[in-house]
Each structure stands twice: as structure tokens, then as C-alpha cells.
Amino acid sequence: MKLSIAFAIFTVQCTVAFAQSTDTESRNTVNAPESIIIRLNPALQQKYQCTFPVRDVEVMIANGDTSRLGFVQTGVTNKLREARPDRPLQQYIRDYIHDGYSAQYESEAPHLLLVIKYFRIGERTGIGREKAFVRLKADAFRSDDQLSYQLACTFDTVLERKGADVTKRFSQYIGEAIDLLMVAADKQTTVNHKYAREEINKRELHLFDAPAYNMDNYTDGVYLSYNEFINNAPSVKAFKPLFEANWSKVFSLNQDGSKTLIPAPWGMCYKGQLFVYIQRNLVPLSRDGRAFLFRQYLHVDERNKTVAVASAARAGFLGTALPTPIFSREIMSVTDIPHIEGILPEATTIDPFSGKLMF
């Protein structure tokens, strides 16, 4: 990604982009920018030296989104583009570990199983600076016979890296996160409880047994919590969304014909479309495989045009962009990662474990 160096060019491109049509009913693969391929190359001279060697490392993928790594920004106008691995995700991570650590394997050591539960990258640009983000959440198990396993560690980290043209350095940043996982998994002491392999599969993949991951038609209603959403069990069935005073509001409808404001719903399903309620906005949400993404990130060109018009409007080159009644396409930020300050990651999805915003 390059920082914008010509604001005049930027605003002209914004205006042109706004004038073009978008496909809002299905994913536009013809006009969307090509994906960025992120190759993962180990820095062999910097590999962690394990205190307790292993015989080999197996990688199991329990990540919801297995086709993309996340989104990055490119060009002088910082267009968002999908980032994808250059090979299937399980092989992508396993090959990195094998290339970097196989020289340390010992034939009499235990097996190591790494379960990748969440793996995502993101990128954000501010005035004069860029940031890259990597989140890796995983469990590590050790086994002497590959029949019974003991938990070695649970791992969840978000790396924040600053620099110029950070897009080109994601291989390094992803490698750093995987290396930190290897450090955390390098333990001889394990939890006493032993899991059969079938138990591990059930433990790590049970999230995707929830109704929300296994249906195409959701029940109309208001979700007061993430748990209601994931179980397709809205507790408010009679409701009405309204847009008042620059605020998307959701009301429950009472039997006497009156309505009551629901101050902080998690989200809703309205006429078959999912929405998540964020900062007084209702943002369209769509399921893509085993992941839920904000709808505009399934139409990246649509998101880019929205950003371009908003930037031009703020600069005075276009009239003020009016909010869309009820439903919003505003760019949201991930605010629940305490150690990240200043430029925050751009929220593109929800955390499958908590329902909060995530990049």
C-alpha cells in the first residue's frame, strides 16, 4: 500500500468511482480488484530454538474463513483488496513451520498439534503512517502416540506493526505471530486431562454446529445478545427499525400499539437480511462460508466507493454525503483491543467467540 501523495488525483478518482454502478445483490467478481497474494517465507536465521523438541508439527484448521487472510489497502487511494494465501490455509501454515523448525525435530520426542482457531490480517492508513495487524488464536496439544492429547497452551495475540508500505511485509508479520505461537507451545508441562482425537475435533469445531452457521434463512427478529444471534433465537419478534436524528433505532412493538426503544440490541434480522448494531448504526452482515462479514466487504468495490465519496465530501469537493436511512455503510473500527491506540484496525467481521467487532 502507498500513502496518498496527490489529494487532487484522489478526489477526482473518488468522483469517478461514485458515478459507476455497483452490484449490490451478489458478489461482483468481474469489477472487483484482484486479490493480493501473501506468500509466507520463513526467516530461517531468526527461528526460535525450542527447549522441548517435538517429533513433528501437525496443523489443524478451525478458522472460519479459510479462503482469505483478511483485507489490505493498495494504491494512492488506499483501495481495500482481499488478501489470500498462495496455497490452502492448512498447508500455508504447516509449510512455514516445517521449513523453519523441522531441523529441530527429534524422532523420540512427542507430536505437536496446533489448532488454528482464528487467523486474520488487516491494514489501516492514517495521516503520514500505516499500520498492519495480525491476529492469531490457537490451541496447542502434545501427544506421545497421536491417540491421546494433552493441552499445552491456549494462545491469542494481536500484533500491531507500523511502517511504510506495510502490505509488502505481511509475510514477516505473520511469521512473527506463528513464531510466538511456537514459543508458547514449547512446554513440557501439560494439562493432565487427555483428549482423544475425536474429542479435540469436537472441542475445536463445536462453534460451527450453531444454527447460524447451518442455515440460509434466518428468523426475523431482534437479537438482544450474540448468543441469541448465533442460535437464531431472537427474543423480540414484533419490532420496527427507524432512523431518527442521525440515529438508527430499533423499537419493540407492544400489544397496545405503542412502541418501546431497545437501547442496545446486538442486531436483528429484518426481511431476511442480518444486521449488527454498532455505535447507533445498523450494519448489514452476511455469512460467507463459516464466517460473517459486513456486507460491504463482500462487495469491496462498493466499500471503496463509499470511502472515496465520504473523503471527497469532507474535503469540500462534493456535497455532504447524507446517511442512508436506517442502514449504514460507515467504516467501523475495532475498539476492544486495549494495547492498540491511535489508528485502529478497520472492522470487517465479527469475532466468532464474542460477537464483537474484529478485523
Would you indicate whether D145, at its atom CG, is surrounded by more than 12 heavy atoms from other residues, nucleotides or ligands within a distance under 6.0 Å?
yes
Among the clusters formed by ILVMFWY side chains lying less than 4.5 Å apart, do L180 and I116 turn up in the same one?
yes
Charged N to carboxylate O under 4.0 angstrom, E176 versus R161?
yes
Check E123 with K131, please: is the shortest side-chain N to carboxylate O separation under 4.0 Å?
no
Using only atom types and a distance under 3.5 Å, with no angle test, would you say the side chain of N232 pairs donor to acceptor with the backbone of Y218?
no
Could you go through the salt bridge (charged side-chain N to carboxylate O under 4.0 Å, His left out) check for K237 and D220 one step at a time?
CA-CA 7 Å; K237 300 292 183 62; D220 274 12; over 6 Å; no
I'd like to know if the side chain of N231 reaches the main chain of N227, judged simply by a donor and an acceptor atom lying under 3.5 Å from each other, with no hydrogens or angles considered.
yes
Do L344 and T335 have side-chain heavy atoms sitting under 4.5 Å apart?
yes
Quick one: closest heavy-atom pair of M332 and L357, and the distance?
CB-CD1, 4.1 Å
Hey, does Y213 have a side-chain heavy atom less than 4.5 Å from the side chain of I230?
yes
So, the side chain of E330 versus the backbone of V283: is there a donor-acceptor pair under 3.5 Å, distance only?
no
Check the orientation of F294 and Y297. Use parallel for under 30°, tilted for 30 to 60°, and perpendicular for over 60°.
tilted
Apply side-chain hydrogen bond (donor to acceptor under 3.5 Å, both in side chains) to the pair D179 and Y101, showing each step before the final yes or no.
CA-CA 10 Å; D179 291 339; Y101 291 92; 2.8 Å; yes
So with a 6.0 Å cut-off around CZ of R39, is the heavy-atom count from everything else above 12?
no
Quick check on side chain to side chain contact (heavy atoms under 4.5 Å, CB included): which of K194, R197, R203 does F141 satisfy it with?
R203
Of E58, R142, R55, which is the lone residue that meets side chain to side chain contact (heavy atoms under 4.5 Å, CB included) with H111?
R55
For residues A185 and A140, report the shortest heavy-atom separation together with the two atoms involved.
CB-CB, 3.7 Å
Y118 side chain vs A138 backbone, donor-acceptor pair below 3.5 Å
no
Lys NZ or Arg CZ of R290 over F208 ring: under 6.0 Å, within 45°:
yes
Would you please classify the geometry between the F359 ring and the F133 ring as parallel, tilted or perpendicular, with 30° and 60° separating the classes?
tilted
Would the distance check show the side chain of N281 and the main-chain N or O of Q279 forming a donor-acceptor pair, the cut-off being under 3.5 Å?
yes
Mind telling me whether W266 and F229 have parallel, tilted or perpendicular rings, with 30° and 60° as the class edges?
parallel
Take a 6.0 Å sphere around CD of Q188 and say whether it holds more than 12 heavy atoms from other residues, nucleotides or ligands.
no
Measuring only between side-chain heavy atoms, which start at C-beta, is L282 closer than 4.5 Å to V276?
no
Basic-acidic side-chain contact under 4.0 Å: E130, K162
no
For R94 and Q91: C-alpha separation, side-chain torsions, deciding distance, then whether side-chain hydrogen bond (donor to acceptor under 3.5 Å, both in side chains) applies.
CA-CA 5 Å; R94 189 263 177 193; Q91 183 183 355; over 6 Å; no
Should we count NZ of K356 as having more than 12 external heavy atoms under 6.0 Å?
no
If the test is salt bridge (Lys or Arg N to Asp or Glu O under 4.0 Å), which one of D65, D351, D156 qualifies with R120?
D65
Donor-acceptor contact below 3.5 Å, side chain S143 vs main chain S148:
yes
Counting only N and O atoms by type, is there a donor-acceptor contact under 3.5 Å from the side chain of N254 to the main-chain atoms of D256?
no
Is it true that the side chains of Y48 and D186 contain a donor and an acceptor less than 3.5 Å apart?
yes
Short N-O contact, K202 and D209, less than 4.0 angstrom
no
Okay, side chain of Y226, backbone of P352: is any donor-acceptor separation there less than 3.5 Å?
yes
Is the side chain of Q104 donor-acceptor paired with the backbone N or O of F52 at a distance under 3.5 Å, no angle test?
no
Check: V222 and P234 side chains under 4.5 Å, non-hydrogen atoms
no
When you measure from the side chain of R287 to the backbone N and O of F292, does any donor-acceptor pair fall under 3.5 Å?
no
Looking at every heavy atom in both M60 and L113, which two are closest together, and how far apart are they?
CB-CD1, 4.0 Å
